[in-house]
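Take a look at the structure set out below.
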Number of protein chains: 2
Amino acid sequence: MAASTLTEVARLAGVSPATASRVLNGSARKPGKDITERVRQAAESLGYIPNAQAQGLAKSSSGLIGLIVHDIADPYFAAIARGVQEAAREQHKMVLLATTGGGPTEEREAVAAFAARRADSIVIAGSRSCRTEDQDGNAELAAELDRYCRNGGQVAVVGHPVVGATVQEGYHVVRVPNQELARRLAAELAAGWDGDFVIVGGPEGLLTSDDRVRGFQEGLERAGRPQAEVLRTAFNRSGGYDAGLQLAGRIKAPGSGEAAPKLCIFAVNDVMAIGTAAALRAEGLRIPRDAAIAGFDDIETLRDFRPALSTVRLPLEDIGRLATRATRGRPDGEEGEEAAPGAVTGEVTLRRSTEAA
Amino acid sequence: MAASTLTEVARLAGVSPATASRVLNGSARKPGKDITERVRQAAESLGYIPNAQAQGLAKSSSGLIGLIVHDIADPYFAAIARGVQEAAREQHKMVLLATTGGGPTEEREAVAAFAARRADSIVIAGSRSCRTEDQDGNAELAAELDRYCRNGGQVAVVGHPVVGATVQEGYHVVRVPNQELARRLAAELAAGWDGDFVIVGGPEGLLTSDDRVRGFQEGLERAGRPQAEVLRTAFNRSGGYDAGLQLAGRIKAPGSGEAAPKLCIFAVNDVMAIGTAAALRAEGLRIPRDAAIAGFDDIETLRDFRPALSTVRLPLEDIGRLATRATRGRPDGEEGEEAAPGAVTGEVTLRRSTEAA
DNA sequence: CTGTTAGCGCGTTCAT
DNA sequence: ATGAACGCGCTAACAG
């Protein structure tokens, strides 16, 4: 009852396995027209499906692309995954998924698993961490990637290079201008807002979060504004919610004279911003009446949120696509000096959630 | 520069490949304690990573689970994917992802690709279609699945069995009580709403959509209400938006005497509902003041949407988990007669978007 | 242009 | 308890 093999097909067609292979799977030189047809029919009638494992073993290349995310249900990663998936399809490859929760240890395991499967390339989409507790994990992850690359694997990382990874062939980084974009967001916000700013950030050491915090502060400084206080919390909705509760208390508590300067909250990603907004609302506050709020990423599913969330648009899907393509050189016969892997740019998008009115 | 092999490890440890294999990968009988240690060290120092392709070839089983979705960026599928991923991890397997856009032809290709990779099991998460245009595609898909199962593959489908698929060993269906839940939703809605109902459904022939439409109509009927008009549109946000525009015109246009009965709109999934709501808003209408609206699925990311969306909560993550587990028998040594694959239940969740006030 | 031979890296019988 | 030999299904280098 096992699937039929190439040998069986060959036998039925009355040819050698090699010939059958040449007909059915892409080979340089094509057999005669008559033979070709016979083999095709035999394969058809047997319902032959090539064994990719065996092909991989023989060719030492698996047609697999490994994708590492923190959480596939997070719309940020889901969007990137879609881009990766598309690019993979262009390359006639399949995507292997690994969800790690963000820890370097689990990421290392994922890389090892991909290496074991002989994935042709690996895309790492989650933010890097440089916390001291992750130091050892990062080192091991770096070592694993290093080995993977040395064995001919291709790696693309979104955002930041893995801490401690040796730059080498096959190791690509799709840089995301988080800092610069956060700076511009701060600039535009500062231009239309008189009150104070507060930043709701992820845990210190999360590079993506840190970049955005730093950029935002820079933007404030250049605008002649005082630095914003930074609240550290989890890098997800519930972290945003917690911060929101805290801020709500603060907004309502003090001698809130009618002229108390309103707060503008910058959450370092949209999902956190939504959480923060939910908390404020739960505490009876209105946006942007009682406080303004801005996010980052411009998650598609959140675009219908009201009041519309000011944010920075990131081409998530493109990022996934670019990362995947970077692991393959230029798509189908283009040239150029390892042409810029396609610069990622974002766009500040001010909406109602930060309107002063 | 290629990765080191088991043979190399064995040589370095001064043992035979067979022994090395027994030590490094799970085998019944364990070699001597001293040998074991030597092999371990050799493997360590060489950075040995087993070649899963070769293992798979030898054992004819790949440790792979194939997951088929319409679109991984759709939060519905992303949630299911998370569940699948978790269950896969329990089974020490990896997830292979295929995005098909929903067409049976692409689904067939995905199944073939999974079969080629010798995936141990396949989870199909997208809704089935029984449109006549998909008839041939369905038949081929069914045939492909059939063959896959006959070769020992395990299949789990979420919602409906593939149209035309032969029921057989290894073919599981995780049933989702869409119809019943829609019926209950209609009942609860009817109890608190005097106006008319309209249904925003997906294209006719999409089984999930059809079930929900049918169930809703049944619920209305049992409540003594007239059948609702059904608008057919795309099964996604933009489809919902289009329907919303149309409905907005209708709501505003007629001799809208102050006592015109308000409309309650049931969109067959949350994403469509959000689209519809966005369109109404864009046309200057308010929810639930000018019209009520309800969805289906209770997508997590959409829970912070305001006004809070009435919907039917579906345990999406569990569904993914159950489907995956169904392909494996009971998890790690449980017993019972192919115990109910874990019944999926949902819960009507009324929120502000359908408040009569 | 076709068939033959020899591995790819590993698990698993068998003997020993 | 260990090692030798074979086969998983296929591709690639040869030979014809």
Side-chain angles (χ1 to χ4, degrees), chain A residues 1-40 42-43 46-64 112 115-120 151-152, chain B residues 1-40 42-43 46-64 112 115-120 151-152:
Chain A
M1 274 299 178
S4 48
T5 77
L6 183 59
T7 309
E8 290 171 21
V9 173
R11 192 179 321 157
L12 204 169
V15 299
S16 81
T19 304
S21 170
R22 294 192 260 257
V23 172
L24 296 175
N25 312 332
S27 175
R29 291 181 352 283
K30 295 272 150 198
K33 207 60 184 158
D34 46 340
I35 286 295
T36 299
E37 196 49 31
R38 279 224 311 278
V39 174
R40 284 241 150 74
L46 284 180
Y48 168 72
I49 297 184
N51 185 326
Q53 308 233 58
Q55 291 186 157
L57 226 207
K59 293 192 299 197
S60 70
S61 123
S62 60
L64 254 27
R117 298 229 135 76
R118 297 301 184 264
D120 298 332
N151 288 341
Chain B
M1 273 302 176
S4 47
T5 77
L6 184 59
T7 309
E8 290 171 20
V9 172
R11 193 179 320 158
L12 202 168
V15 299
S16 80
T19 304
S21 171
R22 295 191 259 256
V23 172
L24 295 176
N25 312 331
S27 174
R29 294 185 344 285
K30 295 270 146 200
K33 206 62 184 154
D34 44 341
I35 286 294
T36 299
E37 197 49 33
R38 278 228 309 280
V39 174
R40 283 242 151 72
L46 282 180
Y48 168 73
I49 297 185
N51 186 327
Q53 309 232 60
Q55 290 186 157
L57 226 207
K59 293 193 298 197
S60 71
S61 122
S62 61
L64 256 25
R117 298 229 133 75
R118 297 303 184 263
D120 298 333
N151 288 341

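Model, not experiment: these values are computed from the prediction. First the proteins, then the strands, lettered A, B, ... as listed; each starts at 1.
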By nearest atom, which of the nucleotides [options] is closest to the [X] side chain?
{"X": "Q55(A)", "options": "dC10(D), dG3(D), dG3(C)", "value": "dC10(D)"}
{"X": "A58(A)", "options": "dT13(C), dG9(D), dG7(D)", "value": "dG9(D)"}
{"X": "S21(A)", "options": "dT11(D), dG9(C), dT2(D)", "value": "dT11(D)"}

Report the distance from atom [atom1] of [X] to atom [atom2] of [N], rounded to the nearest whole Å.
{"X": "Q53(A)", "N": "dG7(C)", "atom1": "CD", "atom2": "P", "value": "23 Å"}
{"X": "L6(A)", "N": "dC8(C)", "atom1": "CG", "atom2": "P", "value": "20 Å"}
{"X": "L57(B)", "N": "dG9(D)", "atom1": "CG", "atom2": "P", "value": "7 Å"}
{"X": "I49(B)", "N": "dC10(C)", "atom1": "CD1", "atom2": "C1'", "value": "15 Å"}
{"X": "L46(B)", "N": "dG9(C)", "atom1": "CG", "atom2": "P", "value": "14 Å"}
{"X": "K59(A)", "N": "dG9(D)", "atom1": "NZ", "atom2": "P", "value": "17 Å"}
{"X": "R22(B)", "N": "dC10(C)", "atom1": "CZ", "atom2": "C1'", "value": "13 Å"}
{"X": "E8(A)", "N": "dC8(D)", "atom1": "CD", "atom2": "C1'", "value": "13 Å"}

How close do [X] and [Y] get, counting heavy atoms only, and between which atoms?
{"X": "A42(B)", "Y": "V9(B)", "value": "CB-O, 3.8 Å"}
{"X": "G63(B)", "Y": "D120(B)", "value": "N-OD2, 2.8 Å"}
{"X": "P17(A)", "Y": "L6(A)", "value": "O-CD2, 3.8 Å"}

Task: Under-4.0 Å side-chain N/O to phosphate OP1/OP2 contact, N25(A) with dT11(D) - done: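 Yes.
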Open item on the list: Just N and O in the side chain of T7(B): are any of them under 4.0 Å from OP1 or OP2 of dG9(C)?
Closed with: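 For dG9(C), neither OP1 nor OP2 has a side-chain N or O of T7(B) closer than 4.0 Å.
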TODO: Check every strand shown and say whether P50(B) touches a base, only sugar-phosphate, or nothing at a heavy-atom separation below 4.0 Å.
DONE: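 P50(B): backbone/sugar contact only, no base atoms under 4.0 Å.
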Open item on the list: Counting the atoms with a prime plus P, OP1 and OP2 as sugar-phosphate, which does T5(B) contact under 4.0 Å by heavy atoms, base, sugar-phosphate, or nothing?
Closed with: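 Sugar-phosphate, backbone atoms only, no base.
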TODO: Verify, without hydrogens or angle tests, whether R117(B) (side chain) and S62(A) (backbone) share a donor-acceptor contact under 3.5 angstrom.
DONE: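 Yes; at least one donor-acceptor contact below 3.5 Å.
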Open item on the list: I want to confirm an ordering. Mapping S60(B) and D34(B) to their closest nucleotides on DNA chain D, which one lands closer to the 5' end?
Closed with: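 The residue whose closest nucleotide sits nearer the 5' end is D34(B).
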Open item on the list: Reading DNA chain D from 5' onward, which residue's closest nucleotide shows up sooner: N51(A) or S16(B)?
Closed with: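 This one resolves to S16(B).
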Please tabulate, one pair per line, all N/O donor-acceptor pairs under 3.5 Å involving side-chain atoms of residues 48-61 of chain A, not counting sequence neighbours.
residue, atom, partner, partner atom, Å
N51(A), OD1, Q53(A), N, 2.8
N51(A), OD1, A54(A), N, 3.2
Q55(A), OE1, N25(A), ND2, 3.1

Open item on the list: Check this for me: does the side-chain of R118(A) come within 3.5 Å of the base of dG9(C) through a donor and an acceptor?
Closed with: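 Side chain to base: no pair below 3.5 Å.
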